[in-house]
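Data block below; observations after.
Order of the sequence lines fixes the chain letters, A, B, ..., with proteins taken first and strands second; residue numbering starts at 1 for each chain.
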Amino acid sequence: MYRTHTCGELRIENINNEVTLAGWVQRIRDLGAMSFIDLRDRYGITQLVIDETTDSSVAKQLEGLGREFVIQAKGTVRERSSKNKNIPTGEVEIALSEIKVLGPAEIPPFTIQDDTDGGDDLRMKYRYLDLRRNPVRENLVLRAKMAHAVRSYLNSKDFIETETPVLIKSTPEGARDFVVPSRMNEGQFYALPQSPQTFKQLLMVAGFDRYYQIVKCFRDEDLRADRQPEFTQIDCEMSFVEQKDVLDTFEGLTKYMFKETLGVEVEDFPWMPYSEAMEKYGSDKPDTRFEMLINDITETVKGNNFVVFDSAEYVGAICAKGCANYSRKQLDGLTKWVQRPQIGAKGLVYVKCNEDGSFKSSVDKFYSQDDLKVWAEKVGAEAGDLILVMSGGKEKIQGAIGELRLEMGNQLGLRDKDTFKPLWVVDFPLLEWNEESQRFHAMHHPFTSPKSEDIALMDTDPGKVRANAYDLVINGVEIGGGSVRIFDSAMQAKMFSLLGFTKEEAQAQFGFLMDAFKYGAPPHAGIAFGFDRLVSLFAGLDTIRDVIAFPKNNSGRDVMIDSPSPVANEQLDELNLKLNLKEKE
RNA sequence: GGUGGCGUAGUUCAGUUGGUUAGAAUGCCGGCCUGUCACGCCGGAGGUCGCGAGUUCGAGUCUCGUCGUCACCGCCA
């Protein structure tokens, strides 16, 4: 038996027990005639003592012992003469009678402590050491608890957990596929699923009625702090339901997860149309923890010979409460911030609403105090507030001022990580025009049904058609999305035609789905949550890397196992593949 | 594909206008220490300043390229 107890469980009641512990050496404190060892496992830390009562052979075994050695320690539990109130085991210690090295350790490249000295790069290279640290392990424990909550909730609602294949077919729509060459089918490739979308719809045709899966999905696109090439979704589909049924079910799931894992009660989720989100927040994933809504002041500001505004399609403003005291330097900083290429605004106009009721703006040449007073009323600004104005193309400026709004929210501390504001964004457009390919793309995916009242528009003005599509947004993070699906093969064919597919292409790519719909397809709808994002949100983190045991870096590499990597020529031969690497110039 | 930040001791970082032998903390090694728990005290070792070119009398510092890494834009149905 390697151990009788864990390193986190001994208490004052265990005094005089003979115990055996096993774990990692956290720290050795050598005081000369006596030494202390902190022994660590995932349950906690227990202090081992060597003093004048300890057999000299044991003391000898301490020579060469270092941090992160795995040892087994036998001894007697005794009360400490000086207690440590900071740890649960702090009232007791183990008087050592025997110690044995189970696994020696080299000096670790960074400290295994809550506040490690290791940088991200090094932590990822030695991720197995990083995972020994409490904060990282706690994230993964939270993840496990959340996955458990998902299963227990959905199981209780009669959902059937079903696995779908990972080797599937590449399709041109959506993200780039990861492809896998097939040895047995020369020159042909599988693709890894971007989502189990078509399979879960086929399960509905199969009569499963309620399906879910916590499932890995793959997208070969560039990474971000919240995007990994392989990621996990809570994927669901339901039959004989309308949009409200899906939203109610998954609002219930989300609330259950908040309650079970964080002990947090969240209010009912409001529904916000996509158009309202864009108008008021400049984003389809609004952070509703704070107001500072965007105001359309296009008409208000016209006609004062200020060419920039007069010629602008759209002029938008936000009101930053209590920021009239912003210095020239701060305002210049904001201007510079919106002028960065990532935002790409030309400039930023400000109006300070002074405490004495006067106004000071960067456009005083063009606008009188009375003009500015009208602006202030329009945006709800009071004395002490700062109005920030941007102008240009409508969509671009809404997006830019939405970004500025978030930045101001950060600066003013309005984005508290312990506050959770979920909402449903609904009525997304069905299609969006893609300049590059000069055709419509499905905003959600090609299986999304149009709103029944907009179906006529599909022939006249497809860009105006709204979809039965919805996103769950929490604190400005897109947690998940879904839609009521098309379940009629004729409508599905029409959709493919709108997306520029020929009949033959649609049949070749998705014929199996349209065929299935011919054999009795129930009305169905579904949703998928980004599980990694949800865990990182719960954990208060900005990156999903720390809620994934072995994540990839920015370039899609696993620096620990050093992948991706070349394969042997023999492997390529078996697959009938030949590399065609481009020469670097 | 693009924009920006970073790259100096095992690690995290500092390094002034380009100027003598590149520093700190921590870790590591050695010594001392009977109640520590971030133990303390004393001493020591440890550097291809990512790599390559250029400018210069002189480059950690400036320029260009390159590699790595991070954040973002594009992209992500």
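Checked by distance alone, E106(A) brings no side-chain donor or acceptor within 3.5 Å of a matching partner on the base of rG10(B). No hydrogens or angles were tested; on distance alone, nothing pairs the side chain of R545(A) with the base of rC70(B) as donor and acceptor under 3.5 Å. In this model, no side-chain donor or acceptor of R27(A) finds a partner on the base of rU36(B) within 3.5 Å.
Atoms CE (M34(A)) and P (rC33(B)) sit 14 Å apart, rounded to a whole Å. Distance CH2 (W337(A)) to C1' (rA71(B)): 13 Å, rounded to an integer number of Å. Across the protein-nucleic acid pair, L122(A) atom CG and rG27(B) atom P stand 16 Å apart, rounded to whole Å. When rounded to the nearest whole Å, the span between NE2 of H441(A) and C1' of rC75(B) equals 12 Å.
In this structure, R67(A) reaches the sugar-phosphate backbone alone: every heavy-atom distance under 4.0 Å involves primed, P, OP1 or OP2 atoms, never a base. Within the 4.0 angstrom heavy-atom criterion, base atoms lie near S195(A). Nucleic acid contact class of R123(A) (heavy atoms, under 4.0 Å, all strands): none. E52(A) comes within contact range of at least one nucleobase, with a heavy-atom separation under 4.0 Å. If you check every strand for non-hydrogen atoms under 4.0 Å, K83(A) touches a base. If you check every strand for non-hydrogen atoms under 4.0 Å, E93(A) touches a base. Contacts of R40(A) with the nucleic acid, taken as non-hydrogen atoms under 4.0 Å apart, are absent. Residue contacts for L31(A): at a heavy-atom cut-off of 4.0 Å it reaches a base atom on one of the strands shown. Contacts of I343(A) with the nucleic acid, taken as non-hydrogen atoms under 4.0 Å apart, are absent. Base contact: P446(A) has a heavy atom under 4.0 Å from a base atom.
With a cut-off of 3.5 Å on both Watson-Crick or G-U wobble distances, the partner of rC29(B) is given as rG43(B). Across all strands shown, rA24(B) forms a Watson-Crick or G-U wobble pair with rU12(B), both key distances being under 3.5 Å. With a cut-off of 3.5 Å on both Watson-Crick or G-U wobble distances, the partner of rG18(B) is given as none. Using Watson-Crick or G-U wobble geometry with both donor-acceptor distances under 3.5 Å, rU3(B) finds its partner in rA71(B). With a 3.5 Å ceiling on both atom-pair distances, rG58(B) lacks any Watson-Crick or G-U wobble partner.
Between S35(A) and the phosphate of rU36(B), there is no side-chain N or O to OP1/OP2 separation shorter than 4.0 Å. Taking only side-chain nitrogens and oxygens, N554(A) comes nearer than 4.0 Å to OP1 or OP2 of rA71(B). OP1 or OP2 of rC39(B) sits under 4.0 Å from a side-chain N or O of R29(A). Phosphate contact (OP1/OP2 of rU69(B), side-chain N/O of N553(A), threshold under 4.0 Å): present.
When the C1' atom is compared between rA14(B) and rG54(B), the two are found 28 Å apart, to the nearest whole Å. Nucleotides rG23(B) and rU16(B) have their P atoms positioned 14 Å apart, rounded to a whole Å. Between rA71(B) and rC57(B), the two P atoms lie 43 Å apart (nearest whole Å). Between rC73(B) and rU56(B), the two C1' atoms lie 39 Å apart (nearest whole Å). Spacing between rC49(B) and rG4(B) at atom P, rounded to whole Å, works out to 27 Å. Going from the P atom of rU61(B) to that of rA22(B) covers 15 Å, rounded to whole Å. The same atom, C1', is picked in rC28(B) and in rG46(B); the two are 9 Å apart, to the nearest Å. rU11(B) and rC76(B) are spaced 36 Å apart, taking the C1' atom of each and rounding to whole Å.
Under 3.5 Å, the side chains of D177(A) and S170(A) contain a donor-acceptor pair of N or O atoms. Residues R11(A) and N14(A) have side chains that never bring a donor and an acceptor to within less than 3.5 angstrom of each other. For the residue pair Q197(A) / Q201(A), a side-chain donor-acceptor distance below 3.5 Å is found, with atom types taken as modelled. Side-chain contact of S449(A) with N468(A): a donor-acceptor pair under 3.5 Å is present, judged by distance alone. In this structure, a donor-acceptor pair under 3.5 Å is absent between the side chains of E93(A) and T46(A). Side-chain atoms of R545(A) and N139(A) form no donor-acceptor pair, as typed in the model, at a separation below 3.5 Å.
For the side chain to side chain contact (heavy atoms under 4.5 Å, CB included) with R27(A), the lone residue among R67(A), R40(A), Q113(A) that qualifies is Q113(A).
Atom CG in L48(A) sits 10.0 Å away from atom CD1 in I28(A) (nearest 0.5 Å).
Note on ring orientation: taking the six-membered ring where Trp is involved, the planes of F440(A) and W433(A) are perpendicular (angle over 60°, cut-offs 30° and 60°).
Closest contact between the side chain of S555(A) and the listed nucleotides rC76(B), rG35(B), rU69(B) involves rU69(B). For D30(A), the listed nucleotide lying nearest its side chain is rC33(B); candidates were rC37(B), rC33(B), rU69(B).
Between G119(A) and G32(A), the residue anchored closer to the 5' end of RNA chain B is G119(A), taking for each the nucleotide with the nearest heavy atom. If I28(A) and F36(A) are placed on RNA chain B by their nearest nucleotide, the residue sitting closer to the 5' end is F36(A).
Heavy-atom minimum distance, L129(A) versus P108(A): CD1-CB, 4.2 Å.
Within residues 213-225 of chain A, the residues approached by RNA chain B to less than 4.0 Å at the level of any non-hydrogen atom are R219(A), E221(A), D222(A), R224(A), A225(A), in residue-number order.
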